Amino acid sequence: MDSIHIWGGVALQGEVCIQGSKNATLPILAATLLTGECSYIGNCPRISDVYAMTSLLQSLGCIVSWQENGILVDSSRVKRGDMCSEAVRGMRSSLCLLGAMLGRCGEVVMEHPGGCVIGSRPIDLHISALEQMGVEFQEEAGLLKAFAPRLHGARIRLPKPSVGATENIILAGVMAEGDTVLEGAAREPEVTALCRYLQGCGACIEGIGTECLGIRGGRKLYGTDFRVPADRIVAGTYLLACIGTGGSIFLENAPREEMKAVTDLARRMGGKLCISEKGIYVQGPDRPRAVECIRTEPYPGFPTDLQSVALAVETVGDGDTVIEERIFENRFRVVEELRRMGACIEQTDEARVLVRGVPVLHGACTEAKELRGGAALVAAGLMARGKSCVSGCLYIYRGYENICRDFRELGARIISV
Ligand code: EPZ
């Protein structure tokens with residue numbers, strides 16, 4: 001089941017319910033370690049990154065079980081933090097276990113979390129921030145050893161709003177002796193969701209959603225129930241695919257208040273949107289308008305995770321579009337695959353590509369090299385005339401619960417094989 005076959009050229013029609021957020025679920029699951037009690041995390045997506053995180057929690061001594069569409073975690077019997085497993089190697093989001101394990105046990109040994117094709121994925125910001133909180137690091141033979149004889153609060157300024165570093169500082173800060181002030185914090189909704197869960201456990205965090213967080217340390221945290229918000233990137237993927245196919249769809253429970261940059265872009269592309277508390281209705285144009293420049297930025301700017309999908313849509317735009325990637329250093333791997341489908345794309349420098357819209361793409365065999373590029377290739381297959389086959393789809397299943405099921409509900413002719 002590593003390939004997806006698509007018979008494209010069909011305008012998407014119908015409605016689809018949006019899954020829970022992968023990038024909110026992962027740090028919140030890590031945060032359940034801090035309570036030493038039971039927490040129920042509802043609306044978790046059934047995706048491989050979440051399965052990998054639950055197996056890591058079990059390897060640390062947690063009792064983990066799925067109940068309906070949520071996960072019950074009992075972290076009362078957590079052991080020392082040895083996490084040398086294939087799950088850590090292949091999954092960047094395990095990095096949030098660093099802060100959680102330091103907060104819970106004061107030490108952790110883990111394999112250096114893997115980078116991926118979108119960039120080297122350094123962790124220097126995590127390390128320098130946690131060192132200011134009293135953590136000592138050793139790196140040897142591919143292992144990252146961290147221990148905090150006395151984890152304490154600090155005044156920290158992040159030079160760039162790293163989501164993962166912000167999450168690790170929060171996870172350590174709520175358990176540290178004394179308070180932490182974090183300036184330059186990431187404002188992504190997934191960070192806000194983590195803070196809301198921790199508040200539910202009894203933590204005291206101020207400035208949530210802003211770039212300056214005040215984190216009270218040393219408070220006892222209790223297990224609680226929490227519902228993960230809908231996934232804004234999955235909703236944005238389907239919304240932009242609708243723009244690219246000229247369809248009309250309803251995205252049930254799409255997190256509209258977190259998607260302003262995406263809905264603004266959809267309107268600039270010629271989409272007509274109706275947004276309500278129930279979700280987002282979108283009607284695509286006959287042909288996407290070529291937006292002069294699409295630039296990725298930290299939240300609340302246009303999200304880097306939707307850059308590849310927006311790029312795919314503009315390959316059939318009615319003119320030229322510059323795509324500027326300002327978050328990761330190598331997020332244009334999908335370009336060579338889109339060219340196989342007839343796209344006309346020129347990489348002008350490391351951070352920019354120029355897309356010259358063509359009237360139509362043709363089906364082709366392409367290969368996903370990472371999660372969001374893979375989703376973009378599926379969207380391109382839906383837009384293209386004829387049959388497309390996307391291989392390497394295990395990457396896609398890391399973040400999309402069932403992309404074929406969802407697009408079939410929207411009238412697409414698509415199967416996974
Ligand atoms: C999170 O990754 C998301 N992953 C990514 O989503 C998302 O693209 C990214 O944030 C940006 O929004 C999860 O939440 C699991 P960063 P993260 O630290 O935390 C540099 C997806 O498809 N940096 O905000 O790893 C880094 O190289 C994934 O769901 C340092 O230089 O991203 C990048 O250029 C892909 N040093 C920039 O900051 C550090 O110590 C932003 O990275 C850390 C990061």
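As the structure lists them, so they are numbered: ligands from 1, and atoms in each ligand from 1. The shown structure was predicted, so the numbers you read here are calculated from the model rather than taken from an experiment. For reference, positions follow the sequence shown, starting with 1.
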J.: For the residue pair Tyr197 / Ser39, report whether a side-chain donor-acceptor contact shorter than 3.5 Å exists.
T.: yes
J.: Drop me the distance from Leu354's CG to Gln347's CD, to the nearest 0.5 angstrom.
T.: 11.0 Å
J.: Which of the atoms in ligand 1, numbered in the order shown and given with their element, are less than 4.0 Å from a heavy-atom of Gly164?
T.: 18 (O), 19 (O)
J.: Can we say Arg46 and Glu401 salt-bridge, meaning some charged N sits less than 4.0 Å from an Asp/Glu carboxylate O?
T.: no
J.: Which pairs would a plain distance check flag for residues 251-259, meaning a side-chain donor or acceptor within less than 3.5 Å of a matching protein atom at least two apart in sequence or in another chain?
T.:
none

J.: Is the closest N or O pair between Asn23 and ligand 1 shorter than 3.5 Å?
T.: yes
J.: So which bit of Val163 gets within less than 4.0 Å of ligand 1, heavy atoms only: side chain, backbone, both or neither?
T.: both
J.: Using distance alone, decide if ligand 1 has a nitrogen or oxygen within less than 3.5 Å of any nitrogen or oxygen in Phe328.
T.: no
J.: Anything under 30° is parallel, anything over 60° is perpendicular, the rest tilted; go ahead and classify Tyr400 against Tyr238.
T.: tilted
J.: Does the residue Glu190 have a heavy-atom contact with ligand 1, meaning some pair of atoms that are separated by less than 4.0 Å?
T.: no
J.: For Glu325, check salt bridge (charged side-chain N to carboxylate O under 4.0 Å, His left out) against everything at least two apart and list the hits.
T.: none
J.: Please work out whether any backbone atom (N, CA, C, O) or any side-chain heavy atom from C-beta onward of Asp124 is under 4.0 Å from ligand 1, and answer side chain, backbone, both or neither.
T.: both
J.: What I want to know is whether Leu26 and ligand 1 share at least one N or O pair that is separated by under 3.5 angstrom.
T.: no
J.: Could you work out, for atom 8 (O) of ligand 1, the closest of Asp305, Asn330, Leu95 by heavy-atom distance?
T.: Asp305
J.: Which of the atoms of ligand 1 are close to Ile123, meaning less than 4.0 Å from one of its heavy atoms?
T.: 39 (C), 40 (O)
J.: Is any side-chain heavy atom of Leu198 closer than 4.5 Å to a side-chain heavy atom of Phe226?
T.: no
J.: In the structure I gave you, are the side-chain heavy atoms of Pro161 and Thr166 within less than 4.5 Å of one another anywhere?
T.: no
J.: If the contact criterion is a heavy-atom separation under 4.0 Å, does Pro122 count as touching ligand 1?
T.: yes
J.: Would Met53 count as a contact of ligand 1 if the rule is a heavy atom under 4.0 Å away?
T.: no
J.: Between Arg331 and Ser308, is there a side-chain donor-acceptor contact under 3.5 Å, judged purely by atom types and distance?
T.: no
J.: Taking 4.0 angstrom as the limit and counting only heavy atoms of Arg331, give me the atoms of ligand 1 inside it, by number and element.
T.: 8 (O), 22 (O), 35 (C)
J.: Would you please say whether a donor-acceptor pair under 3.5 Å links the side chains of Ser76 and Asp74?
T.: yes
J.: Against heavy atoms of Ile327, which atoms of ligand 1 measure under 4.0 Å?
T.: 33 (C), 34 (O), 37 (C), 41 (C)
J.: Going by heavy-atom distance to atom 22 (O) of ligand 1, choose the closest among Arg372, Glu167, Lys160.
T.: Arg372
J.: Go through ligand 1 atom by atom and flag the ones less than 4.0 Å from a non-hydrogen atom of Leu371.
T.: 22 (O)
J.: At less than 4.0 angstrom from any non-hydrogen atom of Lys22, what atoms of ligand 1 do you find?
T.: 21 (C), 29 (O)
